[in-house]
*Asks:* 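I have a structure here, written as C-alpha cells, and I will follow up with some questions on it.
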Number of protein chains: 2
Amino acid sequence: MDTSTTNGNEKVQICSSEFVVAVRDTLNVIRGKWKLPIIGSLCYGKKRFKDLENDIPKITPRMLSKELKELELNSIVTRTVYDTTPVTVEYELTPSGRKIRELLDAMVKWGLQHREAVMSTE
Amino acid sequence: MDTSTTNGNEKVQICSSEFVVAVRDTLNVIRGKWKLPIIGSLCYGKKRFKDLENDIPKITPRMLSKELKELELNSIVTRTVYDTTPVTVEYELTPSGRKIRELLDAMVKWGLQHREAVMSTE
DNA sequence: CCGTATCCGTAATGATACTG
DNA sequence: CAGTATCATTACGGATACGG
C-alpha cells in the first residue's frame, strides 16, 4: 500500500514497507511489559541491578534479568562487570538507547493529549 | 517535558508517576499485534470492515473485530452503521486517533536511526 | 457484508526458592 | 549483590465454523 497522500510538503507514506519494517523493529525493541520502565530508569544514568529493582515497582529479578538481556542484545544497554567482591554490575544506555527518550516523550505527549480529549467529551 | 534531574534532591523525571501513567495509557491503546496496522490503514481515510481485512494481510475477522472494538472503546476510531442491505459499516479515526500518526513517525525515525547505528558498528 | 462462537496452542509473565 | 531454576498462570492470537 504505497499510498501517498502528498499534502504540500512531503513526508507521507507510513505504509511504505521500509517504514513498516522500521516500526516493527522499534516495537520489537520496546516490547514487553518492562522494557520502557527500564529504559526510563536508565535515562537518569547508570544503574546497578539492585537499583533497577528498586526503581521499578513490582518487577521480579527474573523479568529484570530477561529484559536486560534482550536490551543488551538489541544494543540498547551495555552491561559492565567490575571485579569487586561481590561483583558490581552496571547497566547503561547506549547512544541509541538514549534516543528512545524522544519516543517516550512522544508517548507522554500523546497520552496526555488523548486523556484530555477523552475527558472533554464526557 | 524536560528531564531536568536537578531539582534539588528531588527526582523530577519521566518516572514522575503522571508521565509513567501517560506512557502506560499510550501503550495500552496501541497494544496488540494489529492495532498499529489498523490505525495505519485508517490513516488513509474511512474504511469498511472488508476493506480493512483486505488491507491487512493475514488478519482474521476475529482479531479485526476484537481490535476494532478496543480501539472504539479507547476513542481511537468511530464506528458508523448505515442502514443499507446488507448493512454498511464504516470505521474512521477520531482526531486523537489521527494524532497517533506523530507517534508512528517517531517510531519510524528511531527505528531507522537505530538500524543505522547498529550497522555502522558491525 | 459484518461480524460471533469455540476451541486450542504458544508466549509472556508471575511466584517462589535457590546459587555463586 | 546479581542473578537462575522451576513451576503455575494468564494473555494473546490462530483456525475454523457459523449467524443475522
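Below, read A as the first sequence line, B as the second, and so on, with proteins coming before strands; counting in each chain starts at 1.
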*Asks:* Could you give the CG-to-P distance, from B:Asp51 to C:dC1, as a whole number of Å?
*Replies:* 9 Å

*Asks:* Could you check which of C:dT13, C:dT4, D:dG14 has an atom nearest any side-chain atom of B:Ser65?
*Replies:*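 Closest nucleotide among those given: C:dT4.
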
*Asks:* Quickly work out the B:Leu64 CG to D:dC12 P distance and round it to whole Å.
*Replies:*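 Distance, rounded to whole Å: 17 Å.
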
*Asks:* Nearest whole angstrom, please: distance from the P of D:dT4 to the NZ of A:Lys69.
*Replies:*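 The distance from NZ of A:Lys69 to P of D:dT4 comes to 4 Å, rounded to the nearest Å.
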
*Asks:* If each of B:Lys66 and A:Ile59 is mapped to the nucleotide of DNA chain C with the nearest heavy atom, which maps nearer the 5' terminus, i.e. the 5' end?
*Replies:* B:Lys66

*Asks:* Tell me: CE of A:Met63 to C1' of D:dT10, nearest whole Å?
*Replies:*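 Those two atoms, CE and C1', are 13 Å apart.
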
*Asks:* Just call it for B:Tyr91: base, sugar-phosphate, or nothing, with non-hydrogen atoms closer than 4.0 Å on any strand.
*Replies:*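 Sugar-phosphate contact only - B:Tyr91 comes under 4.0 Å of backbone atoms but never of a base.
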
*Asks:* Nearest whole angstrom, please: distance from the C1' of C:dG3 to the OH of B:Tyr82.
*Replies:*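 Those two atoms, OH and C1', are 18 Å apart.
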
*Asks:* Measure from the side-chain heavy atoms of B:Arg48 and tell me the nearest of D:dA2, C:dC2, C:dG3.
*Replies:* C:dC2

*Asks:* For residues A:Ser96 and B:Gln113, determine if any side-chain heavy atom of one lies less than 4.5 Å from a side-chain heavy atom of the other.
*Replies:*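 Of all side-chain heavy-atom pairs linking B:Gln113 with A:Ser96, none is under 4.5 Å.
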
*Asks:* Shared ILVMFWY cluster between A:Val118 and B:Phe19, side chains joined below 4.5 angstrom?
*Replies:*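 Looking at the clustering, B:Phe19 is in a separate group from A:Val118.
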
*Asks:* Hey, are the side chains of B:Lys35 and B:Leu71 touching, using non-hydrogen atoms and a 4.5 Å cut-off?
*Replies:*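 Contact flag for B:Lys35/B:Leu71 side chains = yes.
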
*Asks:* For B:Tyr91 and B:Leu42, work out which heavy atoms get closest and say how close.
*Replies:*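 Minimum heavy-atom contact is O-CD2, 3.5 Å.
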
*Asks:* Can you tell me the distance, in whole Å, between the NZ atom of A:Lys33 and the C1' atom of D:dT9?
*Replies:*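 From A:Lys33 NZ to D:dT9 C1': 13 Å.
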
*Asks:* Separation of B:Glu72 atom CD from C:dG3 atom C1', in whole Å?
*Replies:*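 In whole Å, C:dG3 C1' and B:Glu72 CD are 13 Å from each other.
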
*Asks:* Using the salt bridge (charged side-chain N to carboxylate O under 4.0 Å, His left out) rule, take B:Glu92 and B:Arg79 through it: C-alpha gap first, then chi angles, then the decisive distance, then the call.
*Replies:* CA-CA 7 Å; B:Glu92 187 176 13; B:Arg79 178 175 182 274; over 6 Å; no

*Asks:* Specify the separation, in whole Å, of atom CG of B:Asp83 and atom P of C:dC1.
*Replies:* 18 Å

*Asks:* Among C:dA15, C:dC2, D:dT4, which is the nearest nucleotide to the side chain of B:Val89?
*Replies:* C:dC2

*Asks:* So, does the side chain of B:Arg62 form a donor-acceptor pair with the base of C:dG3 at under 3.5 Å?
*Replies:* no

*Asks:* Base, sugar-phosphate alone, or nothing: which one does B:Arg79 contact when heavy atoms must sit under 4.0 Å apart?
*Replies:*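 Sugar-phosphate contact only.
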
*Asks:* Taking only the side-chain heavy atoms of A:Lys50 (C-beta and beyond), determine which of D:dT4, D:dC1, C:dG3 contains the nearest atom.
*Replies:*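 Of the options given, the side chain of A:Lys50 lies nearest D:dC1.
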
